[in-house]
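Working notes for the structure below.
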Amino acid sequence: MEKIISLCKRRGFVFPSSEIYGGFAAVYDYGSYGVELVNNIKAAWWKAMVQENENIVGLDSSIFMHPKVWEASGHVSGFSDPLIECKKCHARLRVDHVLEEVGVFADEKMSEEEINKLLQENKDKIECVKCKSKDFTEAKKFNLLVQSNLGNFTGDWTKEPTYLRGETCQGIYVNFKNVLDSSRVKVPFGIAQIGKAFRNEITARQFIFRKREFEQMEMQIFVKPGEAMETYEEWRKIRWQYYLDLGIKEENLKWHQHENLVFYAKAAWDIEYNFPFGFKELEGLHYRTDHDLTQHGKFSGKDLSYQDPKTNEKYIPHVVEASVGADRTFLAVLTEAYTEEKLEDGSERVVLKFPKKLAPIKAAIFPLLKNKPELVEKAKEVYNSLKSDFMCEFDDNGNIGKRYRRQDEIGTPYCVTVDFETIEDDNAVTVRDRDTMEQKRVKIDELKDYLTLNLK
Ligand code: ATP
């Protein structure tokens, strides 16, 4: 994990937020390569969901919604994690995670009484992660919704707060009717959206795995009640395959079935990834019955039922959701790609073996030597001819070996070098493959086609 964090900082993938002020816990910024990677991750998800499924449409709802949305969804009363505080160093810990680490099953759905009972039974095993003390306060449920004063000018907004959304899917439920009435979809159909979510997470550990401001990619499919389980099983297969297509090795993926279901859910499985700190949730797949639309129907007073145009049958659709974090996918993809290799000459290299579609930079263009204007000019020409089709980078810093190492470390699939032969002889360039390190001579006229074909 340390190696990945250091690479992320050194090569401009991820920076701690407001770092010059000492950082801001559990908030991070994506640097120039990080933003390319996360954009490619989001594009791959969008393609797999919206572009390749005729019955799934996109949405981009606002971060802020009517506060009643969060009452209807149950977040105001029940979106909380159990917290304990170390009496010695005042570190705050999430009790269900602390218990899990000593082999005791607990989760955030348990009541304060249940959690405190478990805490008592295991108090000898549990110690503070910071100071090792065993003296804690009682567990208390802490609500994770982040509040704001948006649209409230009274100076005492905490009485009637608005919320930064705790999950993106509520924007999908409240737009169910709008989408239905404005597009040609019919049940079964899905709505997909990517967007920021905010949670006052108690523990700010594990890098971008658990952020307080993060991005979710969520798809909710609305189905006829009796067909939901079949849809659910189908989507479990689709989502598993999606990760394999993203270049994740199957041995690094695992299913985890929820033992303790919320009262309205009929099935809940997570896809876990083998992060550097062990298998942890990457995506959640849930069958949520008609709970969400029923709740919003009740709280808004609007009829959110669906009438089948053929049979005239009327019902509240059931929901199957596939929900994943863009940041957790980023960390999984990065972990999977991170490779240390010993080369034949005894040297070592770090290479990020991203699937090509996710690589931040697709091709790096070099003049062999920086101080030969004719080489620099030709390399610039090559760069200019490619940049509108591929995310490219021009680099003339340091020697070629150093430039290769740098591109390996940011996962660039191809390095293209302009040398004397290019100008004097063959109008071709050397193309070096990131993974095999093999070099090929490719005519400049054919370079665009070569990259198009090989980057697929
Ligand atoms: P966890 O149990 O790890 O807190 P969760 O079950 O609360 O996660 P969901 O509410 O199901 O998560 O959210 C769906 C997805 O959003 C998760 O699978 C995860 O990929 C992502 N996600 C949730 N919380 C965070 C966070 N704090 N930081 C980054 N990604 C998150």
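Note that these values count all heavy atoms, side chains included, but never hydrogens, waters or copies made by symmetry. For ligands, and for the atoms within them, numbers begin at 1 and follow the listed sequence.
Within the structure, salt bridge (charged side-chain N to carboxylate O under 4.0 Å, His left out) contacts touching residues 310-327 (residues at least two apart or in different chains) are Lys211-Asp327, Lys224-Glu313, Arg288-Glu321, Asp303-Lys314.
For the residue pair His75 / Ser73, a side-chain donor-acceptor distance below 3.5 Å is found, with atom types taken as modelled.
The pair Asp96-Arg94 meets the salt-bridge criterion, with a side-chain N (NZ, NE, NH1 or NH2) lying under 4.0 Å from an Asp/Glu carboxylate O.
Contact residues for ligand 1 (protein heavy atom closer than 4.0 angstrom to any ligand atom): Arg94, Arg199, Glu201, Phe209, Arg210, Lys211, Phe214, Gln216, Glu281, Leu282, Glu283, Gly284, His286, Ser323, Val324, Gly325, Arg328.
Judged by a 6.0 Å distance limit and a 45° cone about the ring axis, Arg165 is not positioned over the six-membered ring of Phe198. Remark: Arg236 is positioned above the aromatic ring of Trp255, its terminal NZ or CZ atom under 6.0 angstrom from the ring centre and at most 45 degrees off the axis.
Note on ring orientation: taking the six-membered ring where Trp is involved, the planes of Phe275 and Phe277 are parallel (angle under 30°, cut-offs 30° and 60°).
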